[in-house]
Chemist: 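This is the structure, below, for whatever I ask next.
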Amino acid sequence: MIESGRDWSVVDGDSSNTSGIGDNAVSSESFPDRIELGCDADEAVSLIRTLADAGFVAYLAGGCVRDALLGITPKDYDVATNATPQAVRKVFGKSRTLAFGASFGVIGVLPPNQQRENVHQQVTEVATFRSDGTYSDGRRPDSVHFGDPEQDALRRDFTINGLFYDPVDDRLIDFVGGRQDLRSGLLRTIGDPNDRFAEDRLRMLRAVRFAATLGFEIDPATRSAVVQHSRSLEVVSGERIGAEMRRLLVSRFALRGINDLVQLDLAGKVLPELLQMQISSVAARCEAARSDDFRYQLAAILSLSSDPSQALRGVSECWKLSNEETRAISSALKFHRLLTEFNETAWSVTQPIMINRDIESILDLAAVIAESQPNDQWRRSVSAARQRLDWSKDRLNPDPFLTGDDLRELGVPPGPEYSKLLSKARSLQLDGELTSHEAATRWVLTRKER
Ligand code: ATP
Ligand code: MG
């Protein structure tokens, strides 16, 4: 089945709604009647022309066709061709090609005359049409076989990801009904969803993530197959779960994704805390948190948990978060509440937070929590805290009037008393009750006498 790309009509995400719940992403707006490729597609199109001139069939494939049809700028442009990996290397020459996925039939092609620095930014993936063999580990095919475009479309996960586009003849090539599903805002597997999820469990999480990113509904048969297979999500690695969840949390319809995770029985495997939460509270937090930084979205959700630190430990382990990510979220969870009481709290108590390396995430989370309060006392506090960051470094974190050396010189015997005195003197200094080194020294001497 080969169709012309000229008769597109309908669909796009609803730009006015950000909640992602209860609304249909399909609007009456029209699809463009042809794909408008930006100049970022020039490199891929030129590769396709070169392959075509050498007598091969080559198309844009998968995500870039989907996104271009939806009017979204594709992240990258993948090419699918009937040229074998060896033929691709022959057409473009060894120096322009990288055999990084040759066993799966994928060759990376560099732009002409490029240095091999930043190759990952410049490389276009050119994959030979293939069909996947059997799957025995629930994640990857045991083998692949080169095939024709139709087989290559059929091995792909969802109909909206199974489209090809021939930029030379301006033709959309649809073996899987992807065009209609894009138009209706529907996410469904290619073929029997039970088989497709049994082959590769990661697809269940991809389904939820694509629905959340595009604001699409998941087709009922695909939904019930996810529920059937949800328990076996555990064969998917933490890194892959983490990668999908990061994208889901920052997606435009994140709340739809979160709802789907719960309804499709996936939440227990990826974010079990959700099961204890009121979806309306999660909705309010997600709404206020809107950010393209997933750490901040995650902190906003975990702050609803009965034990946020423990919840974070679980997520960090499950999604394989980096130490820096875990630390920033942990600081935000630990300290944000104090910033909502910034105006009523001594500077000596809030100052250590204001100089914390993660102050931006702490402030952002505090702002989200303040936003969900009916009165604006907390909002005022958080905004006062934010303004405080304008203070000069010296004013924000002045050198201490007293050091351990000073105490030794003053004859204070070493021991636990030391750090208590130093920290008390620091507090008095920050709160303006000690105003000089001399005053601090006098303060120590009077305490010693007592
Ligand atoms: P994005 O890059 O925005 O996540 P994408 O559709 O390009 O979206 P990729 O993961 O880059 O997704 O994969 C490229 C294409 O490869 C997909 O469009 C799909 O056709 C196919 N694909 C990717 N992962 C799978 C999978 N697990 N099972 C089957 N096909 C897949
Ligand atoms: Mg992609």
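Quick note: numbers below take in every heavy atom, side chains included, and nothing from hydrogens, waters or symmetry partners. Note that ligands are numbered from 1 as they come in the structure, with each ligand's atoms numbered from 1 the same way. What you see is a predicted model, and the numbers here were worked out from it, not measured in a lab.
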Chemist: Which residue and atom name correspond to the protein heavy atom nearest atom 21 (C) of ligand 1, and how close is it?
Modeler: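 Nearest protein contact, heavy atoms only, for atom 21 (C) of ligand 1 is Arg156 NH1, 3.9 Å.
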Chemist: Heavy-atom pairs closer than 4.0 Å: do any link ligand 1 to the side chain of Tyr135, the backbone, both, or neither?
Modeler: neither
Chemist: Counting each atom of ligand 1 from 1 as listed, which ones have a heavy atom of Gly62 under 4.0 Å away?
Modeler: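 In order of number, 18 (O).
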Chemist: Short list, please: which atoms of ligand 1 are under 4.0 Å from a heavy atom of Phe210?
Modeler: 6 (O), 8 (O)
Chemist: Give the residue and atom name of whichever protein heavy atom lies nearest to atom 14 (C) of ligand 1, and the separation in Å to one decimal.
Modeler: Asp78 OD2, 4.0 Å
Chemist: Among all protein heavy atoms, pick out the one at the shortest distance from atom 27 (N) of ligand 1; state its residue, atom name and that distance to 0.1 Å.
Modeler: Asp200 OD2, 2.8 Å
Chemist: For ligand 1, note which part of Arg209 has a heavy atom under 4.0 Å away: side chain, backbone, both or neither.
Modeler: side chain
Chemist: Is Arg256 paired with Glu217 through a side-chain N to carboxylate O contact shorter than 4.0 Å?
Modeler: yes
Chemist: Does this structure show an ion pair linking Asp293 with Arg295, if we count only N-O contacts that are shorter than 4.0 Å?
Modeler: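 Yes, charged N to carboxylate O under 4.0 Å.
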Chemist: Any salt bridge between Arg130 and Asp152, counting N to O under 4.0 Å?
Modeler: no
Chemist: How close does the nearest protein non-hydrogen atom get to atom 10 (O) of ligand 1, and which residue and atom is it?
Modeler: Arg206 NH1, 3.0 Å
Chemist: What about Asn161: any of its N or O atoms under 3.5 Å from an N or O on ligand 1?
Modeler: yes
Chemist: Can you tell which of Ala127, Gly162, Gly63 gets a heavy atom nearest to atom 7 (O) of ligand 1?
Modeler: Gly63
Chemist: For Arg203, counting its heavy atoms only, list the atoms of ligand 1 lying under 4.0 Å from any of them.
Modeler: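 Here the atoms of ligand 1 in question are 26 (C), 27 (N), 28 (N), 29 (C).
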Chemist: Do the charged groups of Arg337 and Glu341 touch, with an N to O distance under 4.0 Å?
Modeler: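 Yes, charged N to carboxylate O under 4.0 Å.
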Chemist: How far is atom 19 (C) of ligand 1 from the closest protein heavy atom, and which atom is that?
Modeler: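 Residue, atom and distance for the closest contact: Asp157 OD1, 3.6 Å.
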Chemist: Which residue supplies the protein heavy atom nearest to atom 8 (O) of ligand 1, what is that atom called, and how far is it?
Modeler: Arg66 NH2, 3.2 Å
Chemist: Salt-bridge test for Asp364 and Arg386: reply yes if a basic N is under 4.0 Å from a carboxylate O, no otherwise.
Modeler: yes
Chemist: Between Arg196 and Glu199, does at least one N-O distance fall below 4.0 Å, as a salt bridge requires?
Modeler: yes
Chemist: When you look at Arg203 and Thr189, which way does the side-chain hydrogen bond (donor to acceptor under 3.5 Å, both in side chains) test go after all the steps?
Modeler: CA-CA 9 Å; Arg203 290 173 188 156; Thr189 56; over 6 Å; no
Chemist: So, does Arg155 sit close enough to ligand 1 that a heavy atom of it is under 4.0 Å from the ligand?
Modeler: yes
Chemist: Quick one: look up the protein heavy atom nearest atom 3 (O) of ligand 1 and list residue, atom name and how far away it is.
Modeler: Arg247 NH2, 3.1 Å
Chemist: Specify the protein heavy atom at minimum distance from atom 1 (P) of ligand 1: its residue, its atom name, and the distance to 0.1 Å.
Modeler: Lys75 NZ, 3.3 Å
Chemist: Whether Asp260 and Arg223 form a salt bridge (side-chain N of Lys/Arg under 4.0 Å from carboxylate O of Asp/Glu) is what I want to check.
Modeler: yes
Chemist: To the nearest 0.5 Å, what is the distance between CD1 (Ile362) and CG (Leu338)?
Modeler: 10.0 Å
Chemist: May I ask you to decide whether Glu43 forms a salt bridge with Arg96, counting only side-chain N to carboxylate O separations under 4.0 Å?
Modeler: yes
